[in-house]
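A short worksheet on the structure shown next.
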Amino acid sequence: MPDSGIHINIRETINSGQVFLWENYDDRWFVVDGHDIIIANQTPFEVLTFSKRSKNFFRQDDNYGKILKEITKDKIVKKSAIHYPGLRITRQDPFQCCISFIISSNSNIPNIRMRLQKLCRKFGTKVRFQKRDFFLFPEPKRLADATVQELNECKLGYRSKYVLDASRTIASGEIDLEELKKMKYDQAKELLLEISGIGDKVADCIMLFSLEKLDAFPLDTWTLKILQKYYSDIFCIDKKTISKKRYEDVHQKIIERFGKYAGYSQQFLYKMERDLNEKKWL
DNA sequence: TACTAACCTGTACG
DNA sequence: ACGTACAGGTTAG
C-alpha cells in the first residue's frame, strides 16, 4: 500500500538531523542527494528528481502504518509519534551519507552543513534545475583523487584524512556500499568499521539512512541522554559515552525493546528531545 | 577491556 | 572585544 502525502511531513523529516544539504524555496524543498536533486512539495504532495528517475527518498514504499503500530507499543515513542505525524526516515545516497556522518563527528548540524556545501562547491558538478543553480555531491572517485590540503580548504579539520580514506576505499571498490544493502546489520557494520573515521555511531547512521538497515539505532550523546532520562529502568547508562563492547550490548537490548524498526523509534525520540532542548536544525 | 586526552573549526555566550 | 566552551565521535595510548 503506497503512502500518500499525508503520511509524510517533509519539513519535519528534513529538519530531524538526518539530511544536511537542503534548501527551501517558495514552499518547495530541494535536497542534494548524491548525483541527483530531490524536489519535494508538501501540498499537493509531489516528489520529483533532477534525474527524472523515481526514487523513494522519503521511503514512500515503507508500510508506515505497520511501522508506527509496531514502534508505538512504547509509550514515549508513541508520544513523539503523535507530536510529529509524518516524520520519516530518508533513503539517501550511500556515499554522500557516509561522508556526511564522518564529517559530523564532534561537531554540530550547522557546521556539518557548511562543510558539505564547501565540498560540493569545490568538487561537485554545477547544474541548473528549476531556474536555480545547485552543486551536486562529488562522486567517490573525485574525492579519492583530492588531496588532504584541498579537503582542508573545506574546513573538515582532522576529518580530512578520514574522508580521503573512505573515498578511496569506496572508489576502488574495496567496499561496495550497494552490496552492503543486501547484507544483514552485523555484516554490513563490520565492513563499515574498517574505514577509519567510522565508529559505531557513524556506521549506524550510514546504515539507517542509506543502507536499508531499519534496525540500526545510532547511540550518540542525545540518544544516550534519552535512554538515561526515560529508560533508566531498562538501560543502565551513566556516562555520556559508552565503550565498544557496551555499545553492542545496548544495541541488542534496544532491538528487544523497540523491535526491528528501532531506527524509526530513534528518529522520533531524537527529534523530540532535540526540539525539547531547542537545538538548531540549520 | 575500560578509560582518557587530543582533535579542527565555527559559533554562541560571558 | 576576546577568551572559553561546546558540538549527532573516533582514534591512539
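Order of the sequence lines fixes the chain letters, A, B, ..., with proteins taken first and strands second; residue numbering starts at 1 for each chain.
- Across the interface with DNA chain B, nearest-nucleotide mapping of A/K245 and A/S105 shows A/K245 to be the residue nearer the 5′ end.
- As a whole-Å value, the separation of A/K280 NZ from B/dG10 C1' is 11 Å.
- Using a 4.0 Å cut-off, some side-chain N or O of A/S243 falls inside it from OP1 or OP2 of B/dA2.
- Of the N and O atoms on the side chains of A/T13 and A/Y84, not one donor lies less than 3.5 Å from an acceptor on the other residue.
- With hydrogens and angles left out, the side-chain atoms of A/S16 and A/Q18 include a donor and acceptor closer than 3.5 Å.
- For the pair A/L151 CG and B/dT9 P, the interatomic distance rounds to 13 Å; values are reported in whole Å.
- As judged by a 4.0 angstrom heavy-atom cut-off over every strand, A/D200 is placed among residues touching the sugar-phosphate backbone only.
- Across all strands shown, A/G17 has heavy atoms under 4.0 Å from base atoms, whether or not it also approaches the sugar-phosphate.
- As rounded to whole Å, 12 Å separates atom C1' of C/dG9 from atom CG of A/L219.
- Put simply, CG on A/L224 is 11 Å from P on C/dT10, counting in whole angstrom units.
- Taking atom P on both B/dA5 and C/dA5, the two are 14 Å apart, rounded to the nearest angstrom.
- To the nearest angstrom, P of C/dG9 lies 9 Å from OH of A/Y158.
- In this structure, a donor-acceptor pair under 3.5 Å is present between the side chains of A/Y264 and A/D62.
- Across the P atoms, C/dG8 and B/dC13 are found 14 Å apart, a figure rounded to whole Å.
- Per the geometry, CG belonging to A/N111 stands 8 Å off C1' belonging to C/dA7, to the nearest Å.
- Counted by atom type alone, A/Y270 and A/D275 present zero donor-acceptor pairs between their side chains at under 3.5 Å.
- A close approach under 4.0 Å does occur between a side-chain nitrogen or oxygen of A/K239 and OP1 or OP2 of B/dC3.
- Taking the P atom of each, C/dT4 and B/dA6 are spaced 16 Å apart, rounded to whole Å.
- Taking atom P on both nucleotides, B/dC8 is separated from C/dG13 by 14 Å, rounded to a whole Å.
- A cation-pi arrangement is absent between A/R113 and A/W281 under the rule of less than 6.0 angstrom and at most 45 degrees off the ring axis.
- A/S100 comes within contact range of no nucleotide atom at all, as no heavy-atom separation falls under 4.0 Å.
- One finds no side-chain N or O of A/S196 lying less than 4.0 angstrom from the OP1 or OP2 phosphate oxygen of C/dT11.
- Across all strands shown, B/dG10 is found opposite C/dC6 as a Watson-Crick or G-U wobble partner, with both distances under 3.5 Å.
- In this model, no donor atom of one side chain and acceptor atom of the other lie less than 3.5 Å apart for A/R142 and A/S167.
- Of the candidate nucleotides C/dG9, B/dT9, C/dG8, C/dG8 has the atom lying nearest to any side-chain atom of A/Q267.
- Both A/Y162 and A/S104 lie near DNA chain C, and the one whose nearest nucleotide falls closer to the 5' end is A/S104.
- Inspection of the A/R88 and A/Q267 side chains reveals no N or O donor paired with an N or O acceptor under 3.5 Å.
- In this structure, A/D220 places its CG atom 17 Å from P of C/dC6, rounding to the nearest Å.
- Residue A/K201 is classed as a base contact, given a heavy-atom separation below 4.0 Å to a base.
- Stacking between A/Y270 and C/dG8 is present: the aromatic ring centre lies within less than 5.5 angstrom of the base six-membered ring centre, and the two planes differ by under 30 degrees.
- For A/Q266 against C/dG8, a side-chain-to-base donor-acceptor contact under 3.5 Å is present.
- Across the interface with DNA chain C, nearest-nucleotide mapping of A/C205 and A/I198 shows A/C205 to be the residue nearer the 5′ end.
- Residue A/R274 places at least one side-chain N or O closer than 4.0 Å to OP1 or OP2 of C/dG8.
- One interatomic measurement links the two molecules: CZ of A/F209 to P of C/dG8, which rounds to 14 Å at whole-angstrom precision.
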